[in-house]
Protein chains: 2
Amino acid sequence: MNISVPTKDRILDAAEKLFSDNGFDATSLRDITTSAQVNLAAVNYHFQSKDSLIDSVIARRIEPINRKRLEMLEAAGENPGVEQILTAFLTPLLDLELECMLPLMGRILSTPGQFVERVYRRHLSVVAQRFRGALGRALPELPEDEVWWRLHFSIGAVTHVLSWGQIIPAMTDGMCDLRDRRALIDRAVRFLAAGFRAAAAPSKSN
Amino acid sequence: MNISVPTKDRILDAAEKLFSDNGFDATSLRDITTSAQVNLAAVNYHFQSKDSLIDSVIARRIEPINRKRLEMLEAAGENPGVEQILTAFLTPLLDLELECMLPLMGRILSTPGQFVERVYRRHLSVVAQRFRGALGRALPELPEDEVWWRLHFSIGAVTHVLSWGQIIPAMTDGMCDLRDRRALIDRAVRFLAAGFRAAAAPSKSN
DNA sequence: GTCTATAACGGGATAGAC
DNA sequence: GTCTATCCCGTTATAGAC
């Protein structure tokens, strides 16, 4: 119908929105094709299956994020501080223009079993290794495993806020407002950087 | 068949395991009744629907956790410190004997739309308010909304680790071991307490 | 490339005998 | 309380006309 946007992109747009709002399992191909105003069979023509459709949805957003992350880390110089590293890691994620992608991102990263392993291997492992290395160099006294743990804590803290985006304002009586991204990044970086600087527990071998 | 465990409990046990392993949508009532070795119709007899079944699954585990949380907070005295409050909040959750409940807990708490609102209202809101209050009193200089944010960051950090429990060891080359719960609680409390003590950003009105 | 129509299946729920 | 049998619906995927 609307030739201005190709069928393939219309499907991706609609799938992104519906997966975000209702989840992957709860969204049928019919929901997607109705919303996108394309034919049901078009999904299986352009993508092979529903399963590989979400891969494309994810890849379309996650690749620019990772590019920006590495750019920002690069731009922070030879020996960036913890705050700089965390800012480079979080800003491209939280800065996404698309409202609806934020909860989806959070959900993908916190739903085990289905896509996490695949998404992690394809899109996250390189970046995670890179940032873990940078954090380890910024905090040389921290044991290697502790850096991993704290990176996981950080990812969880942020993705949780993204996942719960819709209901956090309600449960905090409107006190917490997710819309101000700069403030959110600032909040998260302060909190997490302090956590990274905490003394590690004495190791077992002592 | 096996009269030692009542039908109702056999259903709850099987549902808990399957929901944990495969997710709510991906688990059919037939999967549950086959695994529990009970009749298909038994689910709709004992519980009204699949939807209300998960409510019972959750309630059975979350109530003891919350009881212990409040007991530990109570036991920490009149003016507990940040570490004591966080320990009281996290220990009963991370201390669950049942391996399989930990990822399920993490998943429920990070899957929006379906049950979070209901679960939050019924099982979490009172406890969250109580701990937020305690943290606010322990850190009187912290703005009220900042306490909420940091509590959310904390919940996210821990639930994320629980959700990813199965794959974290693989992605960190075996460096991170979730099995030692005491060490995990200690790690999390150190990290999060330092985050809570970080200086808040200057407020907008300044 | 795009559509209609349908195949093939599995899901939740329930009626009614026991 | 427990079972069997079945209803009825929505799902993904595909065959085949245009």
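Chain letters run A, B, ... following the sequence lines, proteins first and then strands; every chain starts at 1.
- In this structure, the CG atom of A/D25 is 16 Å from the C1' atom of C/dG12, given to the nearest Å.
- Taking side-chain N and O atoms only, A/T7 has a distance below 4.0 Å to OP1 or OP2 of C/dT2.
- The terminal axes of the helix from C/dG1-D/dC18 to C/dC18-D/dG1, fitted over 5 pairs per end, subtend an angle of 0° to the nearest 10°.
- With sequence neighbours left out, A/L178 forms a side chain to side chain contact (heavy atoms under 4.5 Å, CB included) with A/V161, A/L184, B/W149.
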In a table with atom names and distances, give each donor-acceptor pair under 3.5 Å that connects a side chain of residues 69-79 of chain B to protein atoms at least two apart or in another chain.
unit_1 : atom_1 : unit_2 : atom_2 : d
B/R69  : NE     : B/F89  : O      : 2.8
B/R69  : NH1    : B/N66  : OD1    : 3.1
B/R69  : NH2    : B/F89  : O      : 3.3

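- Proximity of A/H46 to the phosphate of C/dG1: no side-chain N or O atom is located under 4.0 Å from OP1 or OP2.
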Side chain to side chain contact (heavy atoms under 4.5 Å, CB included) assessment of B/D177 paired with B/I168: CA-CA 8 Å; B/D177 180 9; B/I168 282 180; over 6 Å; no
Which side-chain N or O atoms in residues 120-133 of chain B pair as donor and acceptor under 3.5 Å with protein atoms at least two apart or in another chain?
unit_1 : atom_1 : unit_2 : atom_2 : d
B/R122 : NH1    : B/D55  : OD2    : 2.2
B/S125 : OG     : B/R121 : O      : 3.2

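- Here the C1' atom of nucleotide D/dG1 and the OH atom of B/Y45 are 5 Å apart, to the nearest Å.
- Atom P of nucleotide C/dG12 and atom CD1 of B/I32 are separated by 8 Å, given to the nearest angstrom.
- Within the 4.0 angstrom heavy-atom criterion, no nucleotide atom of any strand lies near B/T33.
- Inter-residue side-chain proximity for B/D95 and B/L90 is flagged as unmet; no heavy-atom pair is nearer than 4.5 Å.
- Applying the salt bridge (Lys or Arg N to Asp or Glu O under 4.0 Å) rule to A/K50 yields no partners; only residues at least two apart in sequence or on another chain are considered.
- Using a 4.0 Å cut-off between a side-chain N of Lys or Arg and a carboxylate O of Asp or Glu, A/E146 and B/R190 do not qualify as a salt bridge.
- Per the geometry, CG belonging to B/N22 stands 12 Å off P belonging to C/dG11, to the nearest Å.
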Polar-atom pairs under 3.5 Å, protein N or O versus N or O of nucleotides 13-18 of chain C: list them with distances, or write none.
unit_1 : atom_1 : unit_2 : atom_2 : d
C/dA13 : OP2    : B/K50  : N      : 3.1

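- Close to C/dG11, at under 4.0 Å from its OP1 or OP2, lies a side-chain N or O of B/S28.
- Note: A/F191 and B/F196 have perpendicular aromatic rings, judged against thresholds of 30 and 60 degrees for the angle between ring planes.
- Remark: B/K17 does not engage B/D13 in a salt bridge, criterion side-chain N to carboxylate O under 4.0 Å.
- Here the P atom of nucleotide D/dT6 and the CG atom of B/N39 are 15 Å apart, to the nearest Å.
- Note: CZ (B/R10) to P (D/dC3) measures 9 Å, nearest angstrom.
- Atom-to-atom, CD of B/Q37 to C1' of D/dT2 comes out at 15 Å; the value is rounded to the nearest Å.
- DNA chain C is contacted by both B/D31 and A/V38; A/V38 maps to the nucleotide lying nearer its 5′ end (nearest heavy atom per residue).
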